[in-house]
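What you are looking at is a predicted structure, and each value in this text was computed from that prediction instead of being measured.
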Amino acid sequence: MQPNPLASARLREDQVDLDPAVWPAGTARGTDGALRIGGSDVRDLAADHGTPLYVVDERAVRDRAAAARSAIERAAAAAGVDAHIYYAGKAFLSSDVVRWMLDAGLRIDVCSGGELALALASGAPGASLGFHGNDKSDPEIAAAVEAGVAGFVVDSASEVGRVAAAAARAARVQPVRLRVNSGVHASTHEYLATAREDQKFGVALVDVPAVVAAIRAEPSLRFLGLHSHIGSQIVGTGGFAEAARRLLALHRDLLDGGPVPELNLGGGWGIAYVSGQEAADVDAVAVELVAAVVAAAAEFGVPVPDLAVEPGRWIVGPAGVTVYSVGTIKDVEVQTDGTAAVRRYVSVDGGMSDNIRAALYGADYMVRLASRASTAPLELVRVVGKHCESGDVVVREDLLPADVGAGDLVAVPATGAYHHSLASNYNLLTRPAVVAVGAGEVRILIRRETIDDLLARDAGLARVGSTS
């Protein structure tokens with residue numbers, strides 16, 4: 001294959017087909033070349049559940065949840081403290097996922113009334129939940145307090161009194177953490193960095209003492225400690241170390257007014273979306289994160305606090321694969337440095353309604369032919385969706401066999417986190433089903449939406465029907 005001048009340096013004809021750093025461990029090709037995930041043939045999955053289809057390798061999720069817990073608890077125990085691991089439910093939440101996390105010994109972090117209701121309905125006790133959010137409504141606060149959530153993350157000074165009043169009405173003392181805007185800038189996309197000074201989350205460092213004093217003045221509240229979340233898709237620990245140092249400086253001063261039993265450093269551990277992309281090593285992250293806290297505690301002369309972390313993407317992201325059906329193929333001639341080159345556009349039956357991250361963040365993905373083998377030469381492609389937006393791109397660049405055509409299935413890995421959660425009905429597309437696979441068995445986690453589901457929400461249709 002002649003190199004296409006439009007292709008980036010990372011694309012090579014001899015690239016790994018199913019890179020284990022990106023695809024779920026239970027992914028392989030059968031003798032016929034078709035992709036199998038958790039023992040299930042993607043052709044059967046597509047026939048039974050339609051496309052686009054989110055496929056989740058259950059074993060991969062459970063194993064990664066257990067690995068996260070083991071790594072953090074082991075590192076914390078070596079420092080003589082306890083650790084609490086919360087799964088960040090915003091990554092992907094269903095009743096089955098709730099139970100998988102509880103089975104693995106994790107707590108669950110929710111950030112809306114809907115996520116709270118789902119967790120509770122799935123059997124999660126309130127004591128296993130944490131509640132986040134920068135603009136919690138009074139009904140959400142009341143529901144969280146009445147459920148007895150283990151940790152309520154206060155995000156602003158004005159929230160203190162509202163949470164205290166709800167706790168007093170429920171006749172309970174509500175444990176709370178205070179989210180702090182540490183000013184640490186994670187090395188990530190601007191929209192993913194959540195500890196910059198000029199943004200909506202948390203309270204500024206200078207305001208922390210006053211807000212903590214207000215919390216401690218409320219008989220219905222108990223102060224647990226400080227909380228920080230510096231961003232998402234982070235692979236190094238330097239940002240966490242600096243955030244820990246800044247928070248422990250405050251922690252030291254806050255000890256004069258009472259106990260500060262824990263420190264929550266949030267989540268944001270990154271994964272690989274394409275071959276060659278760096279991902280967070282959970283064991284290294286755990287050791288280095290705890291070491292940074294221990295060093296900062298020694299610097300400021302305070303006991304090492306108990307630790308809490310909130311991974312989400314790292315647990316569920318690599319376990320997910322999205323399967324699409326191919327439709328239109330279009331070759332477009334592009335001029336580059338005075339030379340004509342061809343970019344092949346491969347359209348699929350989904351797009352930004354099931355994966356908004358490519359359009360929202362410019363996120364990179366890879367793609368593979370999933371329904372058959374091919375000996376055709378590889379061609380540069382851009383996989384695009386069917387929405388009425390030029391930015392409706394699923395995979396910006398990758399290589400697919402030149403004979404890929406309408407009716408083929410293609411698969412995009414690393415779609416377990418923030419894909420179903422951010423899915424929409426743009427252009428009135430129905431949201432895909434989510435199925436769990438493992439040992440050749442298939443279970444529906446979330447059923448596919450239907451056109452009837454969409455029409456049922458349009459009140460005007462009921463009025464038309466009543467007058468016809």
Side-chain angles (χ1 to χ4, degrees), residues 35 37 40-56 89-97 112-115 117-118 121-122 316 320-330 345-360 365 367 370-371 383-395 404-412 415-437 442-468:
L35 207 62
I37 306 171
S40 293
D41 190 314
V42 296
R43 296 169 300 185
D44 295 334
L45 295 174
D48 293 342
H49 304 285
T51 58
L53 178 66
Y54 297 120
V55 182
V56 177
K90 62 183 179 177
F92 172 57
L93 203 63
S94 74
S95 58
D96 288 275
V97 170
S112 72
E115 290 182 355
L118 175 59
S122 305
V316 76
V321 176
T322 305
V323 180
Y324 298 98
S325 294
V326 173
T328 302
I329 306 291
K330 184 183 297 184
Y345 280 79
V346 176
S347 297
V348 296
D349 55 351
M352 62 195 304
S353 57
D354 60 75
N355 181 359
I356 192 61
R357 293 189 71 257
L360 186 61
Y365 288 87
V367 63
S371 49
V383 180
V384 295
K386 62 183 294 172
H387 297 283
C388 292
E389 299 283 345
S390 58
D392 179 24
V393 175
V394 178
V395 179
V404 66
D408 281 329
L409 299 177
V410 294
V412 176
T415 59
Y418 299 108
H419 289 72
H420 178 270
S421 297
L422 289 168
S424 74
N425 295 124
Y426 184 43
N427 291 150
L428 288 186
L429 264 67
T430 56
R431 286 176 292 184
V434 186
V435 298
V437 295
V442 182
R443 183 167 70 259
I444 297 174
L445 301 187
I446 298 177
R447 71 166 176 82
R448 177 176 299 279
E449 274 186 324
T450 66
I451 293 295
D452 286 343
D453 289 330
L454 300 182
L455 299 184
R457 298 181 64 236
D458 191 318
L461 292 177
R463 291 193 292 272
V464 169
S466 66
T467 59
S468 60

Rounded to the nearest 0.5 Å, what separation is found between the [atom1] atom of [X] and the [atom2] atom of [Y]?
X      : Y      : atom1 : atom2 : result
Met352 : Leu422 : CE    : CG    : 11.5 Å
Asp96  : Arg443 : CG    : CZ    : 4.5 Å
His49  : Ile444 : NE2   : CD1   : 5.0 Å
Leu445 : Leu93  : CG    : CG    : 11.0 Å
Asn425 : Thr430 : CG    : OG1   : 7.5 Å
Leu428 : Ile451 : CG    : CD1   : 7.5 Å

> Got a donor-acceptor contact below 3.5 angstrom from the Arg448 side chain to the Pro52 backbone?
Replying inline: yes
**Q.** Ser95 side chain to Ser122 backbone, donor-acceptor under 3.5 Å
**A.** no
Here the salt bridge (charged side-chain N to carboxylate O under 4.0 Å, His left out) pairs for residues 420-430, sequence neighbours left out, are none
Distance-minimising heavy-atom pair for [X] and [Y]:
X      : Y      : value
Ile329 : Gly405 : CG1-CA, 4.2 Å
Ser353 : His387 : OG-NE2, 2.8 Å
Gly350 : Leu429 : CA-CD2, 4.5 Å
Ala423 : Tyr54  : CB-OH, 3.9 Å

* To do: Please determine, by modelled atom types, if Tyr324 and Asp354 share a side-chain donor-acceptor pair under 3.5 angstrom.
  => yes
Note to self: Quick one, Ser347 and Val384 - any side-chain contact, counting heavy atoms below 4.5 Å?
What the structure shows: yes
List in chain and number order the residues that pass side-chain contact (heavy atoms from CB on, under 4.5 Å) with [X], two or more places apart in sequence or in another chain; answer none if no residue qualifies.
X      : result
Asp458 : Leu461
Ala91  : Tyr87, Val316, Ala417, Tyr418
Asp408 : Val326, Leu369, Ser371, Arg372, Val404
Ser325 : Thr51, Asp349, Leu409

ask   = When Val437 is tested against each of Val42, Leu45, Val56 for side chain to side chain contact (heavy atoms under 4.5 Å, CB included), which residue passes?
value =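 When side chain to side chain contact (heavy atoms under 4.5 Å, CB included) is applied between Val437 and each of Val42, Leu45, Val56, only Leu45 qualifies.
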TODO: Please determine which of Val395, Val393, Val412, Asn355 meets the side chain to side chain contact (heavy atoms under 4.5 Å, CB included) test together with Val383.
DONE: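 For Val383, the side chain to side chain contact (heavy atoms under 4.5 Å, CB included) check succeeds only for Val395.
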*According to the interplanar angle, ranging from 0 to 90°, do the rings of Phe92 and His420 count as parallel (below 30°), tilted (30 to 60°) or perpendicular (above 60°)?*
perpendicular
Exercise. Name all residues meeting the salt bridge (Lys or Arg N to Asp or Glu O under 4.0 Å) criterion together with Arg447; count only those two or more places apart in sequence or in a different chain, and write none if there are none.
Key: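 Arg447: salt bridge (Lys or Arg N to Asp or Glu O under 4.0 Å) contacts with Asp453.
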